[in-house]
S.K.: 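Once you've had a glance at the structure underneath, I'll fire off some questions.
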There are 2 protein chains.
Amino acid sequence: MQIAEQAKTGAAAAGLTERQGAVLERALGLLVEGGERALTTAGVARAANCSKESLYKWFGDRDGLISAMITYQAGKVRTVEVDARALTVDSLRKHLVAFAGDLIDVLSGDVSLALNRLAIGQASREGAGLGRLLQERGRRQIGKRAAALLEAGRKAKLLAFDTADEAYGTLYGLVVSDMHLRMLLGEDASALKKEFSPRAEKAVDAFLTLHGAKG
Amino acid sequence: MQIAEQAKTGAAAAGLTERQGAVLERALGLLVEGGERALTTAGVARAANCSKESLYKWFGDRDGLISAMITYQAGKVRTVEVDARALTVDSLRKHLVAFAGDLIDVLSGDVSLALNRLAIGQASREGAGLGRLLQERGRRQIGKRAAALLEAGRKAKLLAFDTADEAYGTLYGLVVSDMHLRMLLGEDASALKKEFSPRAEKAVDAFLTLHGAKG
DNA sequence: TATTTTGCGTACCGTACGGTACGGTTCGCA
DNA sequence: TGCGAACCGTACCGTACGGTACGCAAAATA
């Protein structure tokens, strides 16, 4: 039910058949479960109850399949719009803390980790195609949300910074530190999440100390 | 000449023959050049002018070779001891800026990026063996240097923090942000280094704002 | 109902890799 | 000089993957 719904939305966002979305969902499951080695065309076909010929017809080749997986997964992410009116110190802090929590959630997600591992592994041999795609479709989205929030804070005279990008970089670093890399290297994601989630408020405090207009 | 000397020191640190060190050096070159796909046993043997049989004799199997490469590479890193006496605000700042620059240098190095990509790619399929090894031999080393510096700053009443680990995490996040991940995903390392190096001083300023005893 | 389309299942091909075996050669040593 | 260890180069084997081709069933269309 939930999976089917996800498949629907993700497929709709990428302009694909519902069936094709279901196939991509199975492929993502395979990737999460067994890494890149498990993402074979035969394996995907078997897991999704379709033929290899259909895979090549729909996605071109293996790289096309992977690209479709990234785009499809990115289509599932929905950024929450922030109401910029009536922003107070407390509400800004709450929004920042919520954003930090969502950021940690996204980065520690199984599918996100698997796709990042896949793109990083591919990055060395053939340009940065998948890496750029992942960056574009994934990070840009949540980055826009952060930029909007930060700009709203600045307009409300609650934040002070030169550029939103730089301030976002600071916030990102304070929240994430090296958590993402450690998870990518195989450290237990849920354990690391438990370690970093409580630090989200401290990170936001530090960010406000650095960029809060009151301080 | 330089390579030979590196091979000597790296091999000595890992308890290997000079010849074996040279082989690992060629293997690292192959990995940097062409990624994991280029790191085949036949390719290493050809590039290093040795036989596959010797490779298996020395390193066991392909994973043993990779582990040896990580340990060998880590053996080349030498941490600089910091003189903790007579630490002033200015000298502490200089030390922190120097540390930040070295951190960026290490993370943006060709070999470091290639090994991290390899370990991340391997992380999904078989535990976190290589990831742990890389973390242990690589990050721990520079982390110890940071911890020593931070503790010295605290003893000199120039820094205030709860635990050195947490403070190091803050410093790391401020300096690195998402630079490492972006490089791992294939963004041009030298360009990113140029972008982040000037920010090292700002990052240290921010860190001192957060943890400086004077502020 | 006849026909076209779609797609599943399977078999197949070429290639490339990890790992092993073997003949020939160099080098240290008695 | 004779011997053994180490090692290079190459050939070989089993496996697994990406990609293609084919036979056949089911659904859609006329």
Side-chain angles (χ1 to χ4, degrees), chain A residues 7 11 15-70 114 117-119 121-122 124-127 129-130, chain B residues 7 11 15-70 114 117-119 121-122 124-127 129-130:
Chain A
L16 296 175
T17 308
E18 189 169 346
R19 170 105 176 92
Q20 293 168 358
V23 170
L24 293 178
E25 194 72 36
R26 296 294 304 169
L28 285 172
L30 238 57
L31 179 66
V32 168
E33 193 178 335
E36 181 179 0
R37 305 295 274 218
L39 194 70
T40 68
T41 55
V44 172
R46 197 181 322 118
N49 287 327
C50 74
S51 71
K52 287 172 66 175
E53 200 168 5
S54 301
L55 289 182
Y56 284 97
K57 188 173 188 175
W58 293 334
F59 307 111
D61 60 357
R62 188 172 183 268
D63 282 352
L65 173 68
I66 295 174
S67 297
M69 289 166 64
I70 293 177
R117 289 199 185 103
L118 181 60
Q122 213 93 355
S124 38
R125 47 179 179 267
E126 52 178 274
L130 289 182
Chain B
L16 297 175
T17 308
E18 189 170 347
R19 169 108 179 93
Q20 293 168 358
V23 170
L24 293 179
E25 194 73 36
R26 297 293 303 169
L28 285 172
L30 239 57
L31 178 66
V32 168
E33 194 178 333
E36 181 178 0
R37 305 293 275 220
L39 194 70
T40 67
T41 55
V44 172
R46 198 182 320 118
N49 287 325
C50 74
S51 71
K52 288 173 67 175
E53 198 169 7
S54 300
L55 289 182
Y56 285 95
K57 186 173 189 177
W58 293 334
F59 307 111
D61 60 358
R62 189 173 182 268
D63 281 353
L65 172 67
I66 295 174
S67 298
M69 289 166 64
I70 292 177
R117 289 200 185 101
L118 181 61
Q122 213 94 356
S124 36
R125 47 180 180 268
E126 52 178 277
L130 289 182

S.K.: Determine yes or no for a side-chain-to-main-chain donor-acceptor pair under 3.5 angstrom, with A:R62 supplying the side chain and A:L39 the backbone.
M.R.: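 Confirmed, A:R62 side chain pairs with A:L39 backbone.
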S.K.: Give a yes/no on whether any side-chain N or O of A:T40 is located under 4.0 angstrom from OP1 or OP2 of D:dC17.
M.R.: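 Checking A:T40 against D:dC17: no side-chain N or O falls below 4.0 Å of OP1 or OP2.
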S.K.: Roughly how many Å is it from CG in A:D63 to C1' in D:dG19, rounded to a whole number?
M.R.: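 Value for this atom pair: 13 Å.
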S.K.: Roughly how many Å is it from CG in B:L55 to P in D:dG9, rounded to a whole number?
M.R.: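 Interatomic distance, CG of B:L55 to P of D:dG9: 12 Å.
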S.K.: Measuring to OP1 and OP2 of D:dG9, would you say a side-chain N or O of B:S51 lies under 4.0 angstrom away?
M.R.: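 False: B:S51 side-chain N/O out of range (4.0 Å or more) of D:dG9 OP1/OP2.
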S.K.: Rounded to whole Å, please give me the gap between OH in A:Y56 and C1' in C:dC8.
M.R.: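 That distance rounds to 16 Å.
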S.K.: If you measure from CD1 on B:I66 to CG on B:L24, what distance do you get to the nearest 0.5 Å?
M.R.: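 So the gap between those two atoms works out to 11.5 Å.
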S.K.: Is the phosphate of D:dA6 approached by B:W58 (side-chain N or O, under 4.0 Å from OP1 or OP2)?
M.R.: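 It does not, given that no N or O in the side chain of B:W58 lies less than 4.0 Å from OP1 or OP2 of D:dA6.
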S.K.: When the distance from CD of B:E18 to P of D:dA6 is rounded to whole Å, what number comes out?
M.R.: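 Rounded to whole Å, this separation is 19 Å.
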S.K.: Distance-only, no hydrogens or angles: does the A:T17 side chain make a donor-acceptor pair with backbone N or O of A:Q20 under 3.5 Å?
M.R.: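 The answer is no, because no donor-acceptor pair under 3.5 Å joins these two groups.
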S.K.: A:R26: what forms a salt bridge (charged side-chain N to carboxylate O under 4.0 Å, His left out) with it, not counting sequence neighbours?
M.R.: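 None.
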S.K.: Determine whether more than 12 heavy atoms belonging to other residues, nucleotides or ligands lie under 6.0 Å from atom CZ of B:R19.
M.R.: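 Counting other residues, nucleotides and ligands, CZ of B:R19 exceeds 12 neighbours.
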S.K.: Which value, rounded to the nearest 0.5 Å, describes the distance between A:E25 atom CD and A:M69 atom CE?
M.R.: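 Those atoms lie 9.5 Å apart.
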S.K.: Does A:S54 make a side-chain N or O approach to OP1 or OP2 of C:dG7 shorter than 4.0 Å?
M.R.: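 Checking A:S54 against C:dG7: no side-chain N or O falls below 4.0 Å of OP1 or OP2.
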S.K.: So does B:D63 get a backbone contact from the side chain of B:S67, meaning a donor-acceptor N/O pair under 3.5 Å?
M.R.: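 Yes; at least one donor-acceptor contact below 3.5 Å.
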S.K.: Which nucleotide wins on minimum distance to the side chain of A:K57, given the candidates C:dG7, D:dC7, C:dG19?
M.R.: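 For the A:K57 side chain, the nearest candidate turns out to be C:dG7.
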S.K.: Rounded to whole angstroms, how far apart are NZ on B:K52 and P on D:dC13?
M.R.: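 Answer to the nearest Å: 14 Å.
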S.K.: Rounded off to whole Å, could you give me the CZ-to-P distance for the B:R46 and D:dT10 pair?
M.R.: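 Those two atoms, CZ and P, are 10 Å apart.
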S.K.: CG of A:N49 versus P of C:dT6: gap in Å, rounded?
M.R.: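 So the two atoms are 21 Å apart, to the nearest Å.
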S.K.: Would you sketch DNA chain D in dot-bracket for me? Only Watson-Crick or G-U wobble pairs with both distances under 3.5 Å count, crossing pairs as [ ], other-strand pairs as |, the rest as dots.
M.R.: ||||||||||||||||||||||||||||||
S.K.: Pick base, sugar-phosphate or nothing for A:R19, based on heavy-atom distances below 4.0 Å to the nucleic acid.
M.R.: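 Sugar-phosphate contact only - A:R19 comes under 4.0 Å of backbone atoms but never of a base.
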S.K.: Would you kindly give the CZ-to-C1' distance between A:R62 and D:dC17, to the nearest whole Å?
M.R.: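 In whole Å, D:dC17 C1' lies 9 Å from A:R62 CZ.
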S.K.: In terms of side-chain heavy atoms of A:E53, which of D:dG19, D:dA21, D:dC8 is nearest?
M.R.: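 Of the options given, the side chain of A:E53 lies nearest D:dA21.
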